[in-house]
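Okay, so here's the structure we're looking at.
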Amino acid sequence: MLKSELSSDQLLTIIFDYMAKISSEKSLDRVLVRMADMGREMIVADRCAVWLIDESKRELYTTVAHGVQEIRIPIGSGVVGHAIATGEPIIIDDAYADPRHNADNDRLTGYATKSIITIPFRNNDGSVIGAYQAVNKLTEAGIFSERDLELLSLAASYAGMSLESVMLHQEIVDTQREIISTMGEIGELHSRETANHVRRVAEYSYVLALRLGLPEQEADKLRTVSPMHDIGKIAIPDSVLNKPGRLTAEEYELMKSHTKIGHQLLRGSRRELLLAASIVAEQHHEKWDGSGYPNGLKGERIHVYGRITAVADVFDALSVERVYKPAWPLHRIEQLFREERGRHFDPAVVDAFFDSLPQLLEIRHRLADDEPGDRR
Ligand code: C2E
Ligand code: SIN
Ligand code: SIN
Ligand code: FE
Ligand code: FE
């Protein structure tokens, strides 16, 4: 059942059709299938697959397309691995005569691969993020040509861009889901701290980060993640967390474990945001002079997110009444920050604190707790 090459009119029609379809897809799986369909039609191949890189498992994988189940192979292996590693396209006329071809899959499925064309594609930064691979040319010639290479490259350059935007979108959606479910857990948190505590800490951190000269993007990231600094408190028993009055030495040791626990809860994620959150959870009680916990980190060994959140957190803890202490008047808070500059706190962050105090007080006022019903 041989087919003929497409005319340029037919090609244009295919390209326009698929570009419209692909750019309106939001799910990664469907974009991949459409891209595979487009590649197959354009160059008259029997099958086409879009391969992506799974960095965490050091594998290449392709999703379902053209009768083929998801396949995973080690990074660098097979024809497709070669193309991705070198960034160069590959055309093979007789797969079984080529040592780069991995015939395992054919043996499993009984499919006979003959000709192969593989073209890596790149994201907007120019990094290779995957490859097109088409198998078995269906024309009489039976092999892929330079023209196929040009056509598929065209598809690949477009696919690389649209794929990246879909992947970014997916990343955002996944991140939000993770955060929402994690925040749900905090919702059940038995702490008496008000919901506004985390909001205030977020806004204080943002203001301090900008004042310190961090880029807007970084400040914004910190604002998103700093509310999760105390997430490890979900593991602290109610009797300790809400104890009216001072903690015993033993109870305080337990309390301190909220940093490690928060870090452990969040660190499993590869998502950039949750990784940042895990840093804040772990490091917000470290002290500039090295006397903090859990790791006794010193100076700039403490991530700047941790150093900023420390000031924001203590400012808020002292500003409001806690089960174990009354609210402090502002002059006492200021005195503490002056005394602890260079001891508990990074001097630069304390300077940023005093420089932006009017703004911080405005936030404190705007996000004040309603007394007393707002308490959980
Ligand atoms: P938190 O209430 O959010 O307090 C955060 C941090 O603010 C404290 O970290 C500490 O650095 C500062 N801070 C809070 N209150 C005071 C204070 O009265 N004086 C001074 N100088 N600093 C204060 P820290 O000490 O590592 O405590 C971590 C968490 O342990 C606290 O979070 C709170 O949940 C709990 N905690 C600490 N001390 C007590 C206590 O005496 N009784 C109870 N029930 N909980 C306590
Ligand atoms: C197939 O195997 O036919 C799909 C494309 C590929 O795996 O290279
Ligand atoms: C390869 O690229 O050689 C491995 C995948 C395949 O051809 O089925
Ligand atoms: Fe804490
Ligand atoms: Fe806190």
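Atoms within each ligand, like the ligands themselves, are counted from 1 in listed order.
- Heavy atoms from other residues, nucleotides or ligands lying under 6.0 Å from CD of E300 number 12 at most.
- If you check each of F345, Y324, W328 against atom 31 (C) of ligand 1, the one with the closest non-hydrogen atom is Y324.
- For ligand 1, the atoms sitting less than 4.0 Å from at least one non-hydrogen atom of L247 are 36 (N), 39 (C), 40 (C), 41 (O), 42 (N), 43 (C), 44 (N), 45 (N), 46 (C), numbered in the order shown with element in parentheses.
- Close approach of ligand 1 to Y293 (heavy-atom distance below 4.0 Å) involves ligand atoms 24 (P), 26 (O), 27 (O), 28 (C).
- Closest approach between the Fe ion (ligand 5) and any N/O/S atom of H197 involves NE2.
- At least one test fails for R211 against the ring of F354: distance under 6.0 Å to the centre or angle within 45° of the axis.
- At least one heavy atom of G245 sits less than 4.0 Å from an atom of ligand 1.
- Each of H229, H303, H258 was compared with H284 under the side chain to side chain donor-acceptor pair (under 3.5 Å) criterion, and only H258 meets it.
- Metal site remark for the Fe ion (ligand 4): D230 contributes an N, O or S atom at a distance under 2.8 Å.
- In this structure, K137 fails the cation-pi test against F144, since its NZ or CZ atom is not both closer than 6.0 Å to the six-membered ring centre and inside 45 degrees of the ring normal.
- By the 4.5 Å heavy-atom criterion applied to side chains, I73 and Y61 are not counted as neighbours.
- Counting heavy atoms from C-beta outward, E340 and W288 have side chains that stay 4.5 Å or more apart.
- One finds an angle of 90° at the Fe ion (ligand 4) between NE2 on H285 and NE2 on H284, to the nearest 10 degrees.
- D313 and Y204 form no side-chain donor-acceptor contact under 3.5 Å, judged by distance and modelled atom types alone.
- The closest donor-acceptor contact from the side chain of E286 to the backbone of L297 lies under 3.5 Å.
- L336 counts as a contact of ligand 1, since one of its heavy atoms falls under 4.0 Å from the ligand.
- Ring geometry, H285 versus Y293: the interplanar angle falls under 30°, so the pair is classed parallel (tilted spans 30 to 60°).
- Residue D313 touches ligand 1 through its side chain alone, judged by heavy-atom distances below 4.0 Å.
- Within ligand 1, counting atoms from 1 as listed, the ones closer than 4.0 Å to a heavy atom of R322 are 1 (P), 2 (O), 3 (O), 4 (O).
- Taking distance alone, with nitrogen or oxygen atoms compared against 3.5 Å, Y252 approaches ligand 1 more closely than that limit.
- For H258, the nearest N, O or S atom to the Fe ion (ligand 4) falls under 2.8 Å.
- A 4.5 Å side-chain heavy-atom check between P244 and Y324 finds every atom pair outside the cut-off.
- In terms of N/O distances under 3.5 Å, ligand 1 is approached by K243.
- Only the side chain of H344 comes within contact range of ligand 1, with a heavy atom under 4.0 Å; no backbone atom does.
- Near A317, the atoms of ligand 1 lying under 4.0 angstrom from a non-hydrogen atom of the residue are 4 (O), 5 (C), 7 (O), 14 (C).
- The shortest side-chain heavy-atom distance between E334 and E339 does not fall under the 4.5 Å cut-off.
- Contacts of R246 with ligand 1, taken as heavy-atom pairs under 4.0 Å, involve both backbone and side chain.
- Sorting the N, O or S atoms of D313 by how far they are from the Fe ion (ligand 5) puts OD1 first.
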